[in-house]
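Read the structure below first, then the notes.
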Amino acid sequence: MSQNPNSQTDFYNPNVLINLGPSHPAMHGTLRVMCRVNGETIEDANCEIGYLHRAIEKLGEDKTYHQWMVYTDRLNYCSALNNNIAYAMSVENLMGISVTERCMWIRVICMELSRIIDHIICVAINALDLGAMTVFWLLYHWREEAYTMIESMCGMRLTTTYARIGGMSYDLPDNFTERLWKFCEEFPRALDEVEGLLTSNRIWIDRTKNVGTISKEDALKFSITGPCLRASGVDHDLRRDRPYYVYPELDFDVVVGSNGDVYDRYLVRLEEMRQSVRILKQCNKKLPQGPLWVSDKRVHIPEKLEVYSKMEVLIHHFKIFMEGIDVPKGEAFTCVEGPNGELGFYVVSRGGPKAWRMRVKSPSFMLFQAFEQSVKGGKIPDAVAHLGSVNIIAGELDR
Amino acid sequence: MSKDGSSFFFPTLLNEAAKWAQKNSLWPMPFGTSCCGIEMMSTLSSTYDLSRFGAEVVRFSPRQADMLIVAGTITTKMAPVLRTIYDQMLEPKWVIAMGACSSSGGIFDTYSVLQGIDEIMPVDVYVPGCPPIPEGLIHAILHLQNKIDKGMDRKPAERPTFDDALNAMTYRKSYSDIKADFVLTQDYIDQQKASAQEK
Amino acid sequence: MRTSSVAPGAAFVSRQESFNTRLKEKFAQGRKLEFDKLAEPVLWVRNAEEAKTLVKAMTLDPEFKCDFLSDITAYDNQDGEDGEQRFVLVYQLYSTTEKIRLRIKALVAESEDAYSITDLFPAANWLEREVFDMFGIKFKNHPNLRRILMDERFTGHPLRKEYPIKQREPFKDNIQFHLGANPLRVDTETAQSEK
């Protein structure tokens, strides 16, 4: 602060160091934003992360490929299905395996469903921070509906570990198509209600318009991706630009904003949820029957019934889980368009059952860097609104 | 209280009344760090309503709360923060360790994760699960209410003291035999800043 | 159109392949150009300084226009398979207009410093801090080279291969640091003398 602590001018020094500390009312996880504040204007901000650093990348070198699948759930825990599938995709790319048709469609369903639940969390928490609690209660009911569907698929609500390398752990339950139809019919009505509550709400517009603006050039310079990048006006979506799985066969629009402020990010997320529902409806119609697992002997986990009755199948199962799958030497950087941005897994393999380096490129890391720069000059309540809209997931940030 | 120390009828009833009031109005301080935090949010929201059990008022200030729900992984960087929050809470206070990570470190047995928050504070209820489903957390709160009702308390020897917490957060040096050949000092940072500004 | 995770849609593959051929003609003299499992090009450069000049050339080049930095990371080359030096520094670049990816790898020795690209991409700031934190590779001209994920006083670099995964690091004055100069009710002399 001041050079001379005993001087009289120190008493009139308006700068105060405020900690939007690791223990946050806004339930955003373990972030720390140290702000030097003059009145309510943030003159300088310094962000500190690492409060949830759980050494997931180091564990990638310690666990086999199948064992590490569990840790991928805990990265972006709001949309765990997406992480599982992205990781399975990266190892399959490394091994040169392409999954079956049915598996691809199921994976796209899972990814879009996880996109919906992640956007629900972001919009709901953003609204909760600014005082609109009704939106939180409203949207969380739909989150529970989605959770019930996910639980019927794989048995767990949040940390699913649903994808396997080469397929999925369980096939979809029998009545899943009907339930998904029902969800797709009824969920957009909730979005209409939220729009009616917030979009033309004078208070919401005053709190979020021109707040936390990230310009187009800044967005590209800071390498942010996902809805925040699209809200800043950059037309970048990996599902359309570098498509994977069945996205070329699907009909969807990429939502691009104009201003890059909190209001635009909220609108982009709402519209992306509608587009995800549109994709889900198409997937539901076109979902083919067929085998779930790829018929590659290296990765195919045999059926339990056969494991208990045939000897070779038992040994095969044993080898897959005790020794691990043998991934050839090489590396691959696989990116998917996650709900928060570009989620990438850079897997370096030197042969053997364990990876040599498992790098997770997380979108929240770049977003928080951009947040640190764009919050300077604003006010503290604006920083709270901005933080809510940028959707920082601490598990992904610190890994 | 009568002269020989035995409880009179009135203070006993007051005690019971106090316990009834405490257990039915546990004000939680949610300390959600990771995935369990999301399940805690689900518990607090409309489908699995926690306010049915009196724990509606989530106070994010430790001075106004009496139940600390630690949901999520606590790392060694976060441990002093958590301990500070625990110390700032007023007695009587209870701690629920929600999830596997706060109970015992969970699936993360690594260099930066605290293997259970009972290394630094006394815990009343442990909730297993990764993450525990909302019914699990509700069960834990009901169990805590039961515990308050029966007046169950841990033996004094088991409660870690502040010095135990200090010891846990400052690990034994003998484990580490990595010699640091480079120590980041303020001079190095200033030097780098200066050369960056020159360019 | 049938797609799979390995053979993506036709338009995207042909664009990447034409990029690969142009890259070979233009930049691959004297450098090793590999293709990884996804047919993305990997350019090996000789040292970290050359990596920075190459990244700069890629951003300025009108044909490739790599304007987006996806990732900066590193991995430990302790067994010497990729070269003699200890670490391999990896830059992932992406072009938003051409929609192509490129990876640049540089071998960095243990005592060698790499060059920071924060003047080209401000996004590299925290990414390089993380590489420093996890591996110990220092970056010249970085505006803020401090630890980012671990505590400031942590010694040792966790993602190096010899760092045991369960080894914790003692922080003698962690409590004092976070609680301010006067911690709540502990005697600082006895706390330190217990070590």
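In what follows, every chain begins at residue 1, and chains take the letters A, B, ... in the order their sequences are listed.
- Note: A/Gly50 leads A/Gly395, A/Ala394, A/Gly50 in heavy-atom pairs under 4.5 Å with chain B.
- Looking at A/Leu59, the atoms closer than 4.5 Å to chain B (heavy atoms on both sides) all sit in the side chain, from C-beta outward.
- For B/Ser46, the parts sitting under 4.5 Å from any heavy atom of chain A are the backbone and the side chain alike.
- A distance of 10.0 Å separates CG in A/Asp398 from CE in B/Met78, rounded to the nearest 0.5 Å.
- The minimum heavy-atom distance between B/Ile107 and A/Arg74, with the atom names listed, is CD1-NE, 3.7 Å.
- With chain B as partner, the option from A/Tyr71, A/Tyr77, A/Trp137 having the largest number of non-hydrogen pairs under 4.5 angstrom is A/Tyr77.
- For the atom pair B/Met29 CE and A/Ser23 OG, the distance stands at 4.0 Å (nearest 0.5 Å).
- Put simply, the side chain of B/Met41 does not reach to within 4.5 Å of the side chain of A/Arg143, judged on heavy atoms.
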Does the pair B/Ser112 and A/Lys58 meet the rule for a side chain to side chain contact (heavy atoms under 4.5 Å, CB included), with working shown? CA-CA 11 Å; B/Ser112 63; A/Lys58 180 92 182 171; over 6 Å; no
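- In terms of non-hydrogen atom pairs under 4.5 Å with chain A, the most contact-rich of B/Ile38, B/Val113, B/Leu82 is B/Ile38.
- Counting only distance, with no hydrogens or angles, the side chain of B/Thr75 and the backbone of A/Tyr51 share a donor-acceptor pair below 3.5 Å.
- Expressed to the nearest 0.5 Å, how far CZ of A/Arg54 lies from CD1 of B/Ile74 amounts to 10.5 Å.
- Closest heavy-atom contact between B/Pro131 and A/Met156: O-CE, 3.3 Å.
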Listed pairs under 3.5 Å, donor-acceptor, residues 63-72 of chain B side chains, sequence neighbours left out:
unit_1	atom_1	unit_2	atom_2	d
B/Asp66	OD1	B/Trp27	N	2.7

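- Counting non-hydrogen atoms of other residues, nucleotides and ligands closer than 6.0 Å to CZ of A/Phe321 gives a total above 12.
- Proximity to chain B is absent for every atom of A/Ile117, based on heavy atoms less than 4.5 angstrom apart.
- With a threshold of 4.5 angstrom between heavy atoms, A/Ile393 does not approach chain B through any atom at all.
- Residue with the most contacts toward chain B among A/Gly21, A/Cys78, A/Pro22: A/Pro22 (heavy-atom pairs, distance under 4.5 Å).
- Residue A/His141 qualifies as enclosed at atom NE2: its count of foreign heavy atoms under 6.0 Å is above 12.
- There is no contact between A/Leu138 and chain B, counting heavy-atom distances below 4.5 Å.
- Checked against the 6.0 Å centroid threshold, B/Phe108 and A/His53 do not count as a close aromatic pair.
- Looking only at heavy-atom pairs under 4.5 Å with chain A, the residue among B/Ile133, B/Asp109, B/Ile85, B/Thr47 that has the most is B/Thr47.
- For A/Thr159 (side chain) and B/Cys130 (main-chain N/O), a donor-acceptor pair under 3.5 Å exists by modelled atom type.
- Applying the side-chain contact (heavy atoms from CB on, under 4.5 Å) test between B/Cys35 and each of A/Asn76, A/Leu158, A/Leu75 identifies A/Leu158 as the sole match.
- Heavy atoms closer than 4.5 Å to chain B are found in the side chain of A/Arg157, but not in its backbone.
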